[in-house]
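Note that the structure is predicted; figures quoted are calculated from it, not measured. So that the names make sense, note that chain A is the first sequence line, chain B the second, and so on, each numbered from 1.
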Amino acid sequence: MVYIEPGSLDICRQDEIQLGRQLCFCSTSILLEGVTCMNKKELIKHLETIAVYLELKGENAFKISAYRKAAQALEQDERSLREIDDPAALNGIGKGTAAIIKELRETGQSELLETLKQEIPSGLIPLLKLPGLGGKKLAKLYQELDVVDAASLKEACEQEQVQQLPGFGAKTEQKILAAVQEQGTRPERLPISYMLDAAQKVETELNQFEDVKRYARAGSLRRMEETVKDLDYIISTEKGDAVRAQLRKLPFISDIVADGETKVSVELDFEYSIQVDFRLVEEAAFATTLHHFTGSKEHNVMMRQLAKAQGEKVSEYGVEKQDTGDVITFESEEGFYNHFGLHYIPPEARIGRDEINVYKEPFETVQKTDIRGDLHMHTTWSDGAVSIREMAEEGRKRGYEWMAVTDHSKFLQVAHGLDEERVLRQIEEIRRVNESLDDMELLAGIEMDIRPDAVLDLEESVLKELDVVIASIHSSFSQTEEEIMQRLEAALNSPYVHIIAHPTGRLIGRREGYKVNVDWLLKRAGETQTAVELNANPNRLDLNAGWLRKAQEYETFVTINTDAHHPGMLDDMEVGTGIARKALLKKEQIINTKRYEDLAAFLHTKRAHLKA
DNA sequence: GCCGTTTTCGGCCCGACTGTTTTCAGTCG
């Protein structure tokens, strides 16, 4: 289990931003100060900020969402701000929002936003995050009781003023007070690595339940988002009451948040408290409910619009024909998508961008079963837990056709990295083990450090003896972008380096990584026949899905590596393939799907290419 | 605020749960 310092979750990926709410993380005042012209990301944030303020003002919900839609339209357009001549041409941007975009672009400010900021205390914004408090209730608290921030809200609750407002009661007041006091003790979203562990604990219990026909994960964990807010499960059962009773008795429960006929929400006390929502359905509605609660919200909206266009209505209970009222259900999500003329869209890809268009045609994504090998792992020769032979056995168990041992090089002393002499000895050992294997090729590799002075850590005479060379940065993270790029360029230009590992160095929720121009790196990697890594360790997921998609545009090869330090970590390949699906990577772009002969050919191309 | 080969006005995705109410608004996913 990973320890995360509360409040350290400051990494906010662009495609992670839940429009509006997520903004509460960001200090909007910082964004505005001293801005004369504005980049696309900043502009999008300003639109979202306007939406948040309008929410607090109690504005019309559709007006609020219009600003969010406009922000989304910009975000989903691949062009830069300068390239978008006429924003109003985009679907979701009309006269009003286009004018604001123009104003922001030209002056760096919006009159509307400035007015809103003067009208509404900024201390209210973080309060939107409190469970049970939305824009309307907060607006009432502000207008009636002069609540402007957490302190004044707490005071109003303590003096029992809140319960006297219409629409509020004693119970609501207590809940708000508890939430104010608890705010900040837990990050809003936790890294997926933490949530995967929590999910396993929940599933160990579910597996022992009676009267459960089947159950499945849903929500952002199923979509393999990098950070996850809570856990969702869909449970198929004919005996709802019996299952509910068992759910209420789950171990680790600290609170039962909701307990209705179709939904039970509990709070589980792990290192952090985690909310888990269970939806109980009859078997017939399982597939549509699973789809509904897998989301994303944006994806669901798109599916419902699609349904509406053909005279149908989608809900978790099925697809309703609007003229007859008949409800169709499906055995599987695949049937659901087929009904709308689409191929099965894997959960990870349901992000509400262009997936619906993409899956109108057959689209072959990567499955775990397509993976023929893993090119990044460690043994006891450096900082791994088991021997070369044991690791090889674990690879065979997973049905791999090939696999590479890649221990650290000498610069990484804390990991007992290998110097040239030990590398040569390890190669001999790997060859010996390989000879004893008749159903798998074991390759001799290295994960070589790129030193802070942009020098590669091992002599060329040794590198040329290795089958696979991975280059990576493990030091001097605070260097300038120029220095970092010099290091990466040194690796890309080496005829011996096949792969750049964890290209940004980030750790989800803990460390932002070094300053790297990823776009340039991807392009240059393609030109030099160097592959980039999708490090499948759930703490890293580096590169992320957005960059991987960019890599595909540059025709740069991607290798999904587990970076396993013990055998169990080889199973992170599952997570890795999920991220590849999210990125809509094609199979042929992924090295792991190559047969051994093709892999060997690939590993030789770069040397041949650069020598020519 | 946005949008329209049914529409330039009247919709905007849909339903469950809670806490407040005596039929519903607000919040959430």
For B/dA16, which nucleotide in any strand shown is its Watson-Crick or wobble partner with both distances under 3.5 Å? B/dT27

Rounded to the nearest Å, what distance is computed from the CG atom of residue A/Asn60 to the P atom of nucleotide B/dC12? 13 Å

In residues 243-266 of chain A, which residues come under 4.0 Å of DNA chain B by heavy atom? A/Ala258, A/Asp259, A/Gly260, A/Glu261, A/Thr262, A/Lys263

Please state the C1' separation for the pair B/dA25 and B/dT20 - nearest whole angstrom. 9 Å

Just to be sure I understand the geometry, which residues of residues 163-171 of chain A put a non-hydrogen atom under 4.0 Å away from DNA chain B? A/Gly167, A/Phe168, A/Gly169, A/Ala170, A/Lys171

Under the side chain to side chain donor-acceptor pair (under 3.5 Å) test, residues paired with A/Glu59 that sit two or more places apart: A/Lys63

Within the structure shown, what part of the strands sits under 4.0 Å from A/Asn300 by heavy-atom distance: base, sugar-phosphate, or nothing? nothing

Using atom P in both nucleotides, what's the gap between B/dT21 and B/dG26 to the nearest angstrom? 13 Å

Side chain to side chain donor-acceptor pair (under 3.5 Å) partners of A/Arg350, counting only residues at least two apart: A/Glu333, A/Tyr337

What residues from residues 146-162 of chain A pass a heavy-atom cutoff of under 4.0 Å to DNA chain B? none

Holding to side chain to side chain contact (heavy atoms under 4.5 Å, CB included), I want the full list of residues that pass it with A/Asp230, two or more places apart in sequence or in another chain. A/Asp232, A/Gln275, A/Asp277

Does anything in residues 211-222 of chain A reach DNA chain B, meaning a heavy atom under 4.0 Å, and if so which residues? none

With sequence neighbours excluded, residues passing side chain to side chain contact (heavy atoms under 4.5 Å, CB included) with A/Glu160: A/Gln163, A/Glu173

Partner residues of A/Phe330 under the ring pair (Phe, Tyr, Trp, His ring centres under 6.0 Å) criterion, sequence neighbours left out: A/Phe336, A/His339

Please enumerate all residues that pass side chain to side chain contact (heavy atoms under 4.5 Å, CB included) together with A/Lys213, with sequence neighbours excluded. A/Ser236, A/Glu238, A/Glu283

Which is true for A/Ile93 with a 4.0 Å heavy-atom rule: it touches a base, it touches only sugar-phosphate, or it touches nothing? sugar-phosphate

Using the side chain to side chain donor-acceptor pair (under 3.5 Å) criterion, which residues pair with A/Asp259? Sequence neighbours excluded. A/Arg244, A/Arg248

With P as the reference atom in both, quote the distance from B/dG4 to B/dT8 in angstrom, rounded to an integer. 13 Å

Polar atoms only, N or O, under 3.5 Å: list the protein pairs with nucleotides 5-10 of chain B and their distances.
none

Contact class for A/Leu306 (heavy atom, under 4.0 Å): base, sugar-phosphate, or nothing? nothing

Face-on cation placement of A/Lys201 at A/Phe270 ring, 6.0 Å and 45° thresholds: yes

